[in-house]
Asks: 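Encoded as structure tokens, here's the structure I'll be asking about.
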Amino acid sequence: MSEGAAKKEEKPRKFQAIRGTRDLLPPETALWNRVEQTAHEVFSNFGFGEIRPPIFEATELFARSVGSETDIVSKEMYTFVDRSEKLEPQPVIGSMDVFLQRVKQLYKSGEIPQDEIGLELVEKQWRKVDDLLKGASNIESGAIEIYELIMLFEALRLGGDVSLRPEATASVCRAYIEHNMQQLPQPVKLYYMGPMFRRERPQKGRYRQFYQIGAEVLGGSDAPAIDAEVIEMVMMFFDRLELQGVRLDLNSIGCRECRPKYVELLRAELLKVKDKLGPDSQRRIETNPLRVLDSKLESEQGIIATLPRIADHLCEDCAAHYAAVKHQLEMRGVIYRENWRLVRGLDYYMRTTFEITAQGLGSQNAVCGGGRYDGLVELLGGPPTKGIGFAIGEDRLILSLQESGKAPAQQGRDVYIAWMGERAHATAIRAAKDLRKAGFSVELPPVEQKFGKALGQADKLGAKHALILGDNEVSEGLWTLKTLADGSQLKLPEPALIEHLRKSKAVSS
Ligand code: ATP
Ligand code: MG
């Protein structure tokens with residue numbers, strides 16, 4: 001076989017979406033849009049404004065806020081090195097002289113920062129190499145020095161370590177600080193929606209690119225009414241979407257004063273029953289005892305039920321705050337279930353924590369997680385700030401809506417224009433323009449079709465009406481409108497058409 005023939009037979013690679021990512025397609029995207037539109041409406045009814053942070057940030061931001069010990073940061077982030085564009089283009093490494101000149105020049109201009117690494121690179125390393133080239137030092141150690149010089153330069157060329165965001169609270173706090181939002185009327189109420197990235201094992205309701213809709217309230221006050229209003233807002237959102245089987249679990253996990261004491265007590269109690277626990281929980285006794293309470297392992301449930309409960313160990317302020325949050329929820333008619341085992345493993349979370357589950361999701365049934373994080377903005381170098389927020393898993397929310405049949409049926413066309421003949425085509429184009437301007441969804445076939453075929457096509461697309469335009473219709477000025485559901489036909493003069501369609505749409509919706 002000739003080379004040319006072999007090439008011809010080689011099939012081009014078929015690409016597939018990366019594992020854990022997927023295409024959202026019509027008609028499902030109509031549901032996504034409805035969910036997002038409802039979020040825009042409900043959240044703005046509560047005085048929240050939308051923030052759209054970037055989808056990648058310095059890795060350090062997530063390490064510091066989410067916590068470098070968490071699974072999210074230690075295992076699940078998509079992290080990469082961003083090259084520093086300033087040190088491009090690559091110096092000519094082949095010629096030592098040219099390379100050295102370039103290093104020196106970049107140092108002088110400040111593009112190689114005049115800090116410790118810069119000093120090391122130019123003052124020490126470069127001088128040594130210079131000595132070598134002048135014959136003032138020996139060849140063997142010289143090779144190492146040249147290598148080190150090049151490596152240092154390469155290290156500088158590599159810019160910051162960045163990550164695709166695994167969540168957005170950190171970004172919102174970063175933005176609050178960066179834009180001095182503490183100077184705005186407090187509290188600042190922001191919401192966001194968009195993709196998040198975590199390298200998790202993909203399964204139903206768990207993806208590597210998934211979507212969250214979330215909100216944060218940042219400011220000087222930690223009034224319990226803020227917690228309650230944020231929760232009321234998510235519940236109203238779910239209610240508006242008619243999400244089924246919604247359950248709100250509530251807990252308080254105390255503060256920097258009382259939680260460490262409780263954690264120690266818990267650890268001591270867990271050590272007493274260590275042998276009866278599984279390997280994961282055994283490990284968590286040391287690393288994060290609170291997470292043991294999260295365990296779904298059947299064999300551990302009996303033991304966990306006997307452990308001390310944080311509600312009994314809250315300090316006075318936290319206990320009062322928790323009681324007031326519950327009272328505020330009751331005033332708003334929000335139904336909750338206290339769940340003393342609901343914890344969030346991250347250090348910055350404090351006091352109010354909540355989780356919302358919905359039906360039809362199997363074991364991935366959490367559609368929303370939230371809580372208070374008063375120390376976070378300060379941890380990121382901002383002013384002392386109180387904060388509370390939540391994140392809804394939009395993929396799971398959609399799944400639940402679909403499972404319970406709350407997803408709207410595919411939006412069909414309002415009108416399919418069946419036309420035949422040159423003159424009818426011109427009229428059809430004009431009619432399509434007018435109808436679309438008036439807000440109707442119109443399908444205008446690009447080529448002529450026999451009326452029978454066109455009506456079949458209209459049916460397949462779920463069109464409500466077919467507008468039939470042939471030579472007779474055009475010359476008579478009377479258009480035929482067929483209602484596909486019952487096959488009834490009507491002859492209308494052109495000006496009456498839009499009014500008639502408006503009326504029939506109002507009746508059907
Ligand atoms: P889970 O325990 O289900 O892993 P989580 O505690 O990691 O959730 P959060 O970080 O609190 O989740 O995020 C809030 C919401 O985002 C979750 O309740 C869930 O609905 C959704 N979510 C989290 N991770 C994923 C994922 N990999 N795929 C789809 N949705 C997710
Ligand atoms: Mg998770």
Side-chain angles (χ1 to χ4, degrees), residues 62-77 79 166-167 169-170 196 198-203 205-206 208 249-315 318 322 337-357 361-366 368-376 379 390-391 393:
F62 302 116
R64 251 207 272 168
S65 60
V66 180
S68 49
E69 298 302 309
T70 57
D71 282 357
I72 294 183
V73 170
S74 64
K75 302 199 284 230
E76 297 172 358
M77 282 209 298
T79 297
E167 56 109 59
T169 303
M196 307 292 157
R198 296 182 194 176
R199 194 187 289 102
E200 300 196 76
R201 194 168 66 77
Q203 51 193 298
R206 197 177 287 289
R208 291 181 165 185
D249 281 22
L250 184 72
N251 195 19
S252 172
I253 54 167
C255 63
R256 256 163 289 176
E257 288 301 311
C258 53
R259 193 174 47 220
K261 291 179 201 155
Y262 169 71
V263 169
E264 274 325 303
L265 178 70
L266 186 63
R267 181 174 279 138
E269 290 302 312
L270 285 169
L271 281 173
K272 289 184 198 161
V273 294
K274 186 171 180 180
D275 298 343
K276 295 180 196 140
L277 297 172
D280 278 345
S281 291
Q282 288 199 4
R283 198 161 22 86
R284 287 183 177 138
I285 297 178
E286 286 316 315
T287 58
N288 196 346
L290 284 175
R291 288 290 306 280
V292 177
L293 302 180
D294 237 0
S295 160
K296 308 262 179 325
L297 217 64
E298 203 45 57
S299 59
E300 293 178 346
Q301 302 307 307
I303 302 163
I304 292 171
T306 67
L307 293 170
R309 303 180 171 211
I310 189 153
D312 302 326
H313 299 272
L314 295 176
C315 63
C318 285
Y322 187 34
R337 198 185 77 146
E338 282 188 78
N339 178 356
W340 67 278
R341 289 176 52 175
L342 179 65
V343 293
R344 312 230 91 198
L346 317 183
D347 283 350
Y348 67 72
Y349 273 111
M350 59 179 287
R351 293 192 172 163
T352 311
T353 50
F354 59 97
E355 185 172 273
I356 302 170
T357 50
L361 295 171
S363 53
Q364 264 68 251
N365 66 349
C368 175
R372 184 162 273 294
Y373 49 83
D374 292 344
L376 183 56
L379 190 74
F390 62 79

Asks: Rounded to the nearest 0.5 Å, what separation is found between the CD atom of Q301 and the OG1 atom of T306?
Replies: 11.5 Å

Asks: Looking at every heavy atom in both P289 and L266, which two are closest together, and how far apart are they?
Replies: O-CD2, 3.7 Å

Asks: Indicate yes or no for a side-chain donor-acceptor contact from R351 to the backbone of I253 under 3.5 Å, with no hydrogens or angles considered.
Replies: no

Asks: Do M77 and F62 come within less than 4.5 Å of each other through their side chains, counting heavy atoms only?
Replies: yes

Asks: Checking side-chain contact (heavy atoms from CB on, under 4.5 Å) for the pair I310/R259: CA distance, chi angles, key distance, verdict?
Replies: CA-CA 8 Å; I310 189 153; R259 193 174 47 220; 4.2 Å; yes

Asks: Taking C-beta and beyond as the side chain, do S295 and D280 meet within less than 4.5 Å on heavy atoms?
Replies: no

Asks: So, R198 side chain and D71 main chain: donor-acceptor pair closer than 3.5 Å or not?
Replies: no

Asks: Is E264 paired with R267 through a side-chain N to carboxylate O contact shorter than 4.0 Å?
Replies: yes

Asks: Does any N or O in the side chain of E355 come within less than 3.5 Å of the main-chain N or O of V343, such that one atom is a donor and the other an acceptor?
Replies: no

Asks: Look at the side chain of T70 and the backbone N and O of G67, then say whether any donor-acceptor pair between them is shorter than 3.5 Å.
Replies: yes

Asks: Is the number of heavy atoms from other residues, nucleotides or ligands within 6.0 Å of CD (E298) greater than 12?
Replies: no

Asks: Quick one: do R206 and E200 make a salt bridge, cutoff under 4.0 Å?
Replies: yes

Asks: V66 and side chain to side chain contact (heavy atoms under 4.5 Å, CB included): which partner among L376, I72, T169?
Replies: I72

Asks: For P308, is there any backbone N or O sitting under 3.5 Å from a side-chain donor or acceptor partner on E269?
Replies: no

Asks: Between I356 and D249, is the side-chain contact (heavy atoms from CB on, under 4.5 Å) condition met? List the steps.
Replies: CA-CA 6 Å; I356 302 170; D249 281 22; over 6 Å; no

Asks: Is there side-chain contact between L271 and I285, with at least one heavy-atom pair below 4.5 Å?
Replies: yes

Asks: Give a yes or no on this: more than 12 heavy atoms of other residues, nucleotides or ligands lie within 6.0 Å of atom CD of E257.
Replies: no

Asks: Does the side chain of L314 reach to within under 4.5 Å of the side chain of Y322, using non-hydrogen atoms?
Replies: yes

Asks: Taking NZ, NE, NH1 and NH2 as the nitrogens, is one of them in R291 or D294 under 4.0 Å from a carboxylate oxygen of the other?
Replies: yes

Asks: Can you check whether K296's main-chain N or O pairs, donor with acceptor, with E300's side chain at less than 3.5 Å?
Replies: no

Asks: Are F354 and C368 side-chain neighbours, meaning at least one heavy-atom pair lies under 4.5 Å?
Replies: yes

Asks: Evaluate the ring planes of Y262 and H313, with Trp represented by its six-membered ring, and classify them as parallel (under 30°), tilted (30 to 60°) or perpendicular (over 60°).
Replies: tilted

Asks: How close do P166 and M196 get, counting heavy atoms only, and between which atoms?
Replies: O-CB, 3.7 Å

Asks: When you measure from the side chain of N251 to the backbone N and O of L342, does any donor-acceptor pair fall under 3.5 Å?
Replies: yes

Asks: Determine, stepwise, if the pair Q364 / Q203 fulfils side-chain contact (heavy atoms from CB on, under 4.5 Å).
Replies: CA-CA 9 Å; Q364 264 68 251; Q203 51 193 298; 3.2 Å; yes

Asks: Contact between S74 and S68 at the side-chain level, heavy atoms closer than 4.5 Å - yes or no?
Replies: no

Asks: List the atom of G375, the atom of R256, and the distance in Å for their closest heavy-atom pair.
Replies: CA-NH2, 3.9 Å

Asks: Answer yes or no: is there a donor N or O on one side and an acceptor on the other, between the side chain of E338 and the main chain of L250, under 3.5 Å?
Replies: no

Asks: Kindly check if the number of other-residue, nucleotide or ligand heavy atoms within 6.0 Å of CZ (R337) is above 12?
Replies: yes

